[in-house]
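See structure below.
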Amino acid sequence: MDSSNDEALDIIVTNVVATFRTRCHLNLRTIALEGTNVIYKPEVGKVLMKLRKPKITASIWSSGKIICTGATSEDEAKLGARRLARCLQKLGFKVRFSAFRVVNVLAVCSMPFAIHLIDFTKNNRPIASYEPELHPAATYRIKNLKATIQVFSTGSLTVTGPNVQNVATAVEQVYPLLFECQKPLCK
């Protein structure tokens, strides 16, 4: 970061998406009838199950694949996935928790200054794009980190990436570029 600016940026993780497999076939009708906090969607072929602590929502398919969303950290996602597996075991399925993977992390961050988006996209043309008719934010993609940053003129950032470490690294990489394009303070 910039040596003259000692402020630490708060990166708030708002959603972690993780997947895991149960290594057994799941009867969705049984889960819907006997499970708690369950929504059965037969037209899509899945069951939604919600846990209160940690607060996650899981999409369960009969093949045994489960996608968990709503956690606020990677550890919380893993804990929620394990609790979900335990709930399915209590319903009588021979569940084995395997192939757990964090797929996507969504975080928000706020810069201490406003940003001139047109200058930002001109300076970073091949990897930054700004279409004000379509979306109010400029999109900045970092290929090697597999991260995408939505930059708003207010200085707010929305960052998506494969894990928390990549999200933090992406914000560190984009900060000097944003610092060059900050709007002058209005008096």
> Can you name the residues that form a side chain to side chain donor-acceptor pair (under 3.5 Å) with Thr158, not counting sequence neighbours?
Replying inline: none
> Does any non-hydrogen side-chain atom of Val159 lie less than 4.5 Å from one of Thr148?
Replying inline: no
> Is Phe120 linked to Ile127 within one hydrophobic cluster, defined over Ile, Leu, Val, Met, Phe, Trp and Tyr using a side-chain heavy-atom separation of less than 4.5 Å?
Replying inline: yes
>> Measuring only between side-chain heavy atoms, which start at C-beta, is Pro42 closer than 4.5 Å to Arg29?
In response: no
> Out of curiosity, Ile12 CD1 to Ser110 OG, how far, rounded to the nearest 0.5 Å?
Replying inline: 8.5 Å
>> Same cluster or not: Leu106 versus Ile11, using hydrophobic residues (I, L, V, M, F, W, Y) connected whenever any side-chain heavy atoms lie under 4.5 Å apart?
In response: no
> Is Gln165 atom CD crowded by more than 12 heavy atoms from other residues, nucleotides or ligands, each under 6.0 Å away?
Replying inline: no
> What do the steps show when you test Leu88 against Leu26 for side-chain contact (heavy atoms from CB on, under 4.5 Å), and what is the final call?
Replying inline: CA-CA 9 Å; Leu88 293 173; Leu26 301 171; 4.2 Å; yes
> Can any side-chain N or O of His25 pair as donor or acceptor with the backbone N or O of Gly64 at less than 3.5 Å?
Replying inline: no
>> So which atom in Val105 and which in Val164 form the shortest heavy-atom distance, rounded to 0.1 Å?
In response: CG2-N, 3.8 Å
>> Could you measure the distance from the NZ atom of Lys78 to the CZ atom of Arg82? Nearest 0.5 Å is fine.
In response: 6.5 Å
>> On a heavy-atom basis, which atom in Leu117 and which in Ala138 lie closest, and how many Å separate them?
In response: CD2-CB, 4.0 Å
> Mind checking whether Val38 and Leu51 sit in one hydrophobic cluster, side chains of I, L, V, M, F, W, Y counted as touching below 4.5 Å?
Replying inline: yes
> Just wondering, do Ile115 and Ser153 contact through their side chains at under 4.5 Å, heavy atoms?
Replying inline: no
>> Starting from Val16, can I reach Val108 by hopping between I/L/V/M/F/W/Y residues whose side chains sit under 4.5 Å apart?
In response: no
> When rounded to the nearest 0.5 angstrom, what is the spacing between NE2 in His116 and CG in Leu178?
Replying inline: 13.5 Å
> Are Tyr175 and Leu145 joined in one hydrophobic group, where the rule is that I, L, V, M, F, W and Y side chains link up if heavy atoms are under 4.5 Å apart?
Replying inline: yes
>> Within the 4.5 Å heavy-atom criterion, are Asn37 and Arg52 side-chain neighbours or not?
In response: yes
> Going by side-chain heavy atoms closer than 4.5 Å, which hydrophobic residues are tied to Leu48, directly or by a chain of links?
Replying inline: Ile39
> How close do Cys109 and Leu9 get, heavy atom to heavy atom, and via which atoms?
Replying inline: SG-CB, 4.0 Å
>> Measuring from atom NZ of Lys90 to atom OG1 of Thr36, what distance do you get when rounded to the nearest 0.5 angstrom?
In response: 9.5 Å
> Within the side chain of Gln89, is there an N or O that forms a donor-acceptor pair under 3.5 Å with the backbone of Val95?
Replying inline: yes
> Given side chains that start at C-beta, do those of Phe93 and Asn27 come closer than 4.5 Å, heavy atoms only?
Replying inline: yes
>> How long is the straight-line distance from CD1 of Ile118 back to SG of Cys181, given to the nearest 0.5 Å?
In response: 11.0 Å
>> My understanding is that only residues two or more places apart in sequence, or in another chain, count here; which of them pass side chain to side chain donor-acceptor pair (under 3.5 Å) with Thr72?
In response: Glu76
> What are the two closest heavy atoms between Ala107 and Val167, and how far apart are they?
Replying inline: CB-CG1, 3.7 Å
>> Show the nearest heavy-atom pair for residues Leu28 and Gly45, with the distance to one decimal.
In response: CD1-O, 3.4 Å
>> Tell me every residue that passes ring-ring contact (aromatic ring centres under 6.0 Å, His included) with Tyr130, counting only those two or more places apart in sequence or in another chain.
In response: none
> side chain to side chain donor-acceptor pair (under 3.5 Å) with Gln173: which residues, sequence neighbours excluded?
Replying inline: none
> When rounded to the nearest 0.5 angstrom, what is the spacing between CZ in Phe97 and CG in Leu84?
Replying inline: 9.5 Å
> For Asn166 and Pro162, which heavy atoms make the closest approach, and how far apart are they?
Replying inline: ND2-CG, 3.4 Å
>> Any non-hydrogen side-chain atom of Tyr140 less than 4.5 Å from a side-chain atom of Asn124?
In response: yes
> Are any side-chain N or O atoms of Arg96 and backbone N or O atoms of Arg21, one a donor and one an acceptor, separated by less than 3.5 Å?
Replying inline: no
> In chain order, what residues pass the side-chain contact (heavy atoms from CB on, under 4.5 Å) check against Thr69, with sequence neighbours excluded?
Replying inline: Asn15, Val17, Thr57, Ile67
>> Is any side-chain heavy atom of Leu157 closer than 4.5 Å to one of Gln150?
In response: no
>> Are Ile31 and Met49 packed together at the side-chain level, in the sense that at least one heavy-atom pair is separated by less than 4.5 angstrom?
In response: yes
> In terms of ring plane angle, is the pair Phe113 and Phe179 parallel, tilted or perpendicular, where the classes change at 30° and 60°?
Replying inline: perpendicular
